[in-house]
Amino acid sequence: TWSFTDSKIDKQFSKGEKEIPIYNPISSDLDVLRRSILSNLAIYLKKNQDRGYEDLSLFEIGPTFFGKNPGEQQIVIGGLKSGKINRKSWLDKERNVDVFDIKSDAIKTLVELGIEEKNLFVSDNTKQSYHPGRSGSITLKSEKGPHLAYFGEIHPAIIKNLDYKDKNIFGFEIFLKNIPEPNKKLRQSKKSFQTSDYQKSERDFAFVIDKIFKIGALEKIIGEVDENLIQNVSTFDVYEGANIPKDKKSVAINVTLQSINKTLTESDLDDISKKIIDTVNKKTGATIRS
């Protein structure tokens, strides 16, 4: 799309940032330089919805502007997704697109750009154009690392103001300037796919941890305990309430364990489980929920 857009749409996605008007716009609805990659995507998502198209996924790579002078711009990847998954499928249950779908799109794109998934740190930091409870941010290696992306449900106020036909809309923005340049091309640096012939085992842990501690950071700590044995770490429950101190939360985590060269014995599994518990306790102060 054009680098200019409709000021009425652009201000929905760029509250608090200075508007950049065009003195000789080619039309009245293309009167500013876009401050968000989502501004024009939002216009075309609505046009497609109004013409009866369902289950849309649109993306664009292009410049956004934060000033009128040369160089005051950056290249951003933006995507918008709306509708349902498995609509009218006889095989799979129909469901609405959700925040985990758009999070997955953002993460997969970053991985394709050459960043290892274990180096992506996901937090609940967000900005005003996203739903505050169903959105997040991706940074490199830690919460204070280079900011790579935003993702989440578009804010309900924007959905209402733009009068969308299907109000289930999610988006992401990826900031290419913050992505480290790889030393080798991805096809050269990508590790070959390895499978293990040995059985995998799973262990569940319920940690009682400070309420403000980020779950992404906890998963990262566990994953780094033994990268050869720990194949996957995922959170399946977060609980606050009865029997949990007010300033704490209970986080239930599933860990998949598998060796590339042997079947893990009960003793091996006990050893790695103890190591996980001890490491988490040492680094976060968390305890196992009794």
Side-chain angles (χ1 to χ4, degrees), residues 85-86 92-93 95-112 115-126 133-143 145 148-153 170 172 191 193-196 198-241 244 248-260 264 268-289:
I85 305 289
N86 304 322
D92 298 301
K93 192 175 179 182
R95 66 173 177 84
N96 284 336
V97 170
D98 62 26
V99 67
F100 300 105
D101 293 313
I102 204 74
K103 175 186 174 186
S104 175
D105 288 343
I107 287 174
K108 284 178 181 174
T109 305
L110 290 166
V111 168
E112 286 301 318
I115 301 173
E116 289 188 64
E117 190 167 350
K118 68 178 183 179
N119 289 331
L120 298 176
F121 186 89
V122 180
S123 70
D124 58 1
N125 296 329
T126 189
R134 292 195 280 270
S135 59
S137 188
I138 305 173
T139 48
L140 189 62
K141 294 190 176 177
S142 72
E143 191 171 5
L148 304 177
Y150 284 117
F151 65 87
E153 181 178 333
F170 296 79
F172 68 79
K191 290 177 185 173
F193 180 65
Q194 271 190 315
T195 59
S196 173
Y198 300 97
Q199 187 177 347
K200 69 177 183 181
S201 300
E202 294 185 26
R203 287 288 184 273
D204 292 342
F205 302 86
F207 291 103
V208 177
I209 194 167
D210 289 345
K211 197 180 278 190
I212 60 168
F213 202 90
K214 296 280 194 295
I215 288 171
L218 179 59
E219 289 180 350
K220 191 169 188 293
I221 287 167
I222 294 170
E224 289 173 349
V225 169
D226 189 329
E227 293 182 351
N228 292 322
L229 290 185
I230 296 173
Q231 303 301 327
N232 187 55
V233 180
S234 62
T235 300
F236 63 89
D237 186 51
V238 179
Y239 172 75
E240 297 172 20
I244 303 291
K248 303 281 185 183
K249 61 187 173 187
S250 170
V251 182
I253 289 183
N254 175 268
V255 179
T256 303
L257 302 156
Q258 188 178 38
S259 171
I260 202 78
L264 297 173
D268 294 328
L269 294 169
D270 288 344
D271 288 346
I272 188 68
S273 297
K274 185 178 185 306
K275 199 173 176 185
I276 288 169
I277 293 165
D278 290 346
T279 303
V280 169
N281 177 256
K282 187 178 175 184
K283 291 191 174 182
T284 72
T287 56
I288 282 288
R289 186 177 174 188

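Below, all heavy atoms of this structure are taken into account, side chains as well, without hydrogens, waters or symmetry copies. What you are looking at is a predicted structure, and each value in this text was computed from that prediction instead of being measured.
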N/O donor-acceptor pair under 3.5 Å between Glu219 side chain and Thr235 backbone: yes
What's the shortest heavy-atom distance between Gly152 and Ile102, and which atoms? N-CG2, 3.7 Å
Atom pair CG (Asn119) and CG (Leu110), whose distance is rounded to the nearest 0.5 Å: 11.5 Å
Hey, is the main chain of Gly145 close enough, under 3.5 Å, to the side chain of Thr139 for a donor-acceptor pair? no
Would you compute the distance between atom OG of Ser250 and atom CD1 of Ile288 and round it to the nearest 0.5 angstrom? 9.0 Å
Whether Gln231 side chain and Gln258 backbone form a donor-acceptor pair below 3.5 Å: yes
Between the CD1 atom in Ile107 and the CZ atom in Phe100, the distance rounded to the nearest 0.5 Å is 11.0 Å
Please check: side-chain N/O of Asp210 versus main-chain N/O of Lys248, any donor-acceptor pairing under 3.5 Å? no
Where the side chain of Lys249 meets the backbone of Phe213, is there a donor-acceptor pair that is under 3.5 Å apart? yes
Roughly how far, to the nearest 0.5 Å, is CD of Glu224 from CD1 of Ile230? 10.0 Å
So side-chain hydrogen bond (donor to acceptor under 3.5 Å, both in side chains) across residues 100-110, not counting sequence neighbours, yields Lys81-Asp105, Arg95-Asp101
What residues, two or more places apart in sequence or in another chain, satisfy side chain to side chain contact (heavy atoms under 4.5 Å, CB included) together with Asp92? Asn86, Ser89
